Amino acid sequence: MNLFEHVGKFSRFLLLVLSKPEKGKLFFSQIVKEIHKLGINSIGIVVIISLFMGAVISLQTAYNMLNPLLPDYLVGYTTRESMLLEFSSTIVGLILAGKVGSNIASEIGSMRVTEQIDALEIMGINSANHLILPKIVAAIFINPFLYVLSVFVGILGGLSAGYLTGTVPISEFIYGIQYGFIPYYITYSLIKTVVFAFIITAVPSYYGYYVKGGALEVGKASTKAVVNSSILILLANVILTQILLK
Amino acid sequence: MIRLENVNKSFGDLKVLNDISITFESGKTNLIIGQSGSGKTVLLKSIIGLHDVDNGAIFYNDRNFTELNHKGKKEIRKEMGMVFQGGALFDSLNVEENVRFPLDMFSTMSEKEKSKRVAFCLDRVNIQNANHLYPAEISGGMQKRVAIARAIALNPKYLFCDEPNSGLDPVTAIVIDNLIQEITKEFDMTTIINTHDMNSVMEIGEKILFISKGYKAWEGNKDQIFNTENQALNDFVFASDLFKNIKKST
Ligand SMILES: Nc1ncnc2c1ncn2[C@@H]1O[C@H](COP(=O)(O)OP(=O)(O)O)[C@@H](O)[C@H]1O
Ligand SMILES: [Mg+2]
């Protein structure tokens, strides 16, 4: 299939997904389940990565400031800006595309090859809507919280690294965190996070939903899902940055 | 009753079903038999509308299923139950939740009534003390039985089974066959079963459609199947030495 065919098929797929759920109550309980699966279960990896990246950004900035006239608080400033603008939205998005994306593609894909999706259809249920909409809604809801968590933990990592290695005093770092703060950057990043949340759930669902064959094909679909949702995240990042920061 | 009129189905250039016409009767176990790859699954999935047919008509009693819109099809689907080849139980739900699922989606029963119905269906297929096990934790035969329980949860008028006893040992296979037949009689359902298993044919072949390479090659019942001149059918029926010997001795 070429790109245009994929776009057409993906649009039709979205029409199926974005229809009204059969039973409101059931839909709600599924969202709660998905929030747990996609969000709560990702807290660990988000915390670990953000902590270490915050630490590294802070140390790299400190060791690269050879000019003694540059104030120490710039380390805090740089750490905050890096986490806030790019790391906690885009890089966390890419990491979740790997973790959550492969999970979704293989879950939906194996439901397809074991005829569980057919079983839903024969009951008269819109399977795409039933299985996938809760995932999209859950990720759009929970990922902004992961973003905020990542920013906090990253800054904490930077602060601790600076303090523990004796490169930046805590007070300087904290001053830097508050220095030249532009609240709009948070809005910008949250918008990105929400768009990425959609990509991370919808694209792998698409690859899983149309799997044909068996376990081998499910594996292949899962790889494709991760690669293509990562590319889409990078592409969306450029486009959104151009639109929102112009 | 389900009636097919000149059903055709192809995938791209591959013609899988050619002009199939037949009537499947209610209160009977109707069998679709044929070699692997002959088109049994495609035919069954066409009957239930998982595949759109190229042309031809499928009637559920007197309702032309092929002409209905999405909403009309959905109404008839609520009267269908299907047991897929691998069971197709939902991995993420336990045994009880699997059987309960169609009730949650479509019935207006109270929670208590639902629980009673689930217990009845599981009991009907002889599943005990497994309510909280997940599909991966039970045997293939149990999975098939739970799948039957799920299929009958909403009291369907039409029951479809794709190779319900494939992959099972002969004893369990016969238990499943008989169970399906009993349920069919008990609730006067129109049941259609795909199989390539001659034992099933002998046990429950009340009405048989034999397809070969996508064509209807023969129609009859288990008493007629041994005395036909149809070459393709004879090749199929007497493929095993056991049945060859049976034929010689009669
Ligand atoms: N979705 C599909 N797309 C293309 N070809 C298919 C599809 N499903 C089945 N076929 C082909 O149709 C033929 C009949 O398959 P099937 O009905 O599964 O046979 P069986 O009698 O073993 O159930 C086979 O040649 C198979 O490759
Ligand atoms: Mg088959």
Side-chain angles (χ1 to χ4, degrees), chain A residues 1 5 12 15-16 19-38 41 103-135 138 205 208-215 218, chain B residues 11 41-42 44-52 65 68 70-93 97-108 111 114 135-136 143 146-148 150-154 156 158-163:
Chain A
M1 269 207 304
E5 284 170 324
R12 267 174 284 138
L15 280 183
L16 279 179
S19 44
K20 190 171 164 288
E22 191 81 38
K23 282 248 162 133
K25 212 174 108 193
L26 208 71
F27 180 63
F28 186 76
S29 78
Q30 272 178 300
I31 291 180
V32 174
K33 258 193 212 163
E34 295 295 343
I35 286 178
H36 196 92
K37 248 180 19 199
L38 307 180
N41 286 345
N103 175 298
I104 292 180
S106 53
E107 178 190 328
I108 307 267
S110 59
M111 289 190 78
R112 166 64 77 190
V113 301
T114 57
E115 297 181 308
Q116 293 175 51
I117 289 184
D118 285 338
L120 287 169
E121 288 290 327
I122 162 93
M123 290 176 195
I125 295 166
N126 174 345
S127 58
N129 169 265
H130 175 81
L131 295 173
I132 294 158
L133 191 59
K135 293 188 193 299
S205 299
Y209 193 75
Y210 291 109
V211 166
K212 280 205 178 88
V218 173
Chain B
F11 294 104
T41 299
V42 172
L44 201 65
K45 287 191 174 177
S46 301
I47 295 172
I48 63 184
L50 280 178
H51 293 316
D52 288 325
F65 187 67
L68 290 172
H70 183 71
K71 217 174 148 201
K73 281 194 175 135
K74 205 167 152 176
E75 281 312 305
I76 298 192
R77 282 198 168 154
K78 287 178 193 163
E79 301 171 7
M80 298 181 189
M82 167 104 186
V83 180
F84 285 87
Q85 188 158 357
L89 295 176
F90 302 122
D91 304 317
S92 58
L93 304 181
E97 289 162 344
N98 261 285
V99 180
R100 197 187 186 91
F101 181 82
L103 302 174
D104 280 337
M105 290 305 283
F106 296 112
S107 84
T108 49
E111 295 301 311
K114 283 185 207 163
Q143 288 181 9
V146 175
I148 294 172
R150 182 179 70 182
I152 62 171
L154 285 171
Y158 312 98
L159 182 65
F160 305 93
C161 308
D162 194 1
E163 313 247 2

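Letters go in sequence order (proteins before strands), and every chain restarts at 1. Bear in mind that the values here come from a model prediction, so they are computed numbers and not experimental data.
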Asks: Indicate the atoms forming the closest heavy-atom contact of B:Ala88 with A:Ala119, along with that distance.
Replies: O-CB, 4.2 Å
Asks: I need the residue from B:Arg150, B:Lys74, B:His70, B:Met105 with the largest number of non-hydrogen atom pairs under 4.5 Å to chain A.
Replies: B:Met105
Asks: Side chain, backbone, both or neither: which part of B:Glu79 has a non-hydrogen atom closer than 4.5 Å to chain A?
Replies: neither
Asks: Which region of B:Lys73, side chain (C-beta onward) or backbone (N, CA, C, O), has a non-hydrogen atom less than 4.5 Å from a non-hydrogen atom of chain A, or is it both or neither?
Replies: neither
Asks: For side-chain contact (heavy atoms from CB on, under 4.5 Å), just list the numbers for B:Met82 and A:Glu115, CA-CA rounded to whole Å, side-chain angles, deciding distance to a tenth of an Å, and then say yes or no.
Replies: CA-CA 11 Å; B:Met82 167 104 186; A:Glu115 297 181 308; over 6 Å; no
Asks: Determine whether B:Phe101 and A:His130 satisfy the following criterion, ring-ring contact (aromatic ring centres under 6.0 Å, His included), listing intermediate values before the conclusion.
Replies: CA-CA 12 Å; B:Phe101 181 82; A:His130 175 81; 5.4 Å; yes
Asks: Side chain, backbone, both or neither: which part of B:Leu154 has an atom under 4.5 Å from a heavy atom of chain A?
Replies: neither
Asks: Given a strict heavy-atom distance threshold of 4.5 Å, which part of A:Ile122 is in contact with chain B: side chain, backbone, both, or neither?
Replies: both
Asks: Measuring from A:Glu121:CD to B:Lys45:NZ, what's the distance to the nearest 0.5 Å?
Replies: 11.5 Å
Asks: To the nearest 0.5 Å, what is the distance between CG (A:Asp118) and CD (B:Gln85)?
Replies: 12.0 Å
Asks: Rounded to the nearest 0.5 Å, how far does CD of A:Gln116 lie from CZ of B:Phe84?
Replies: 10.5 Å
Asks: Given 3.5 Å as the limit, does a donor-acceptor pair link the side chain of B:Arg77 with the main chain of A:Ile125, or not?
Replies: no
Asks: So, the side chain of A:Lys23 versus the backbone of B:Asp104: is there a donor-acceptor pair under 3.5 Å, distance only?
Replies: yes
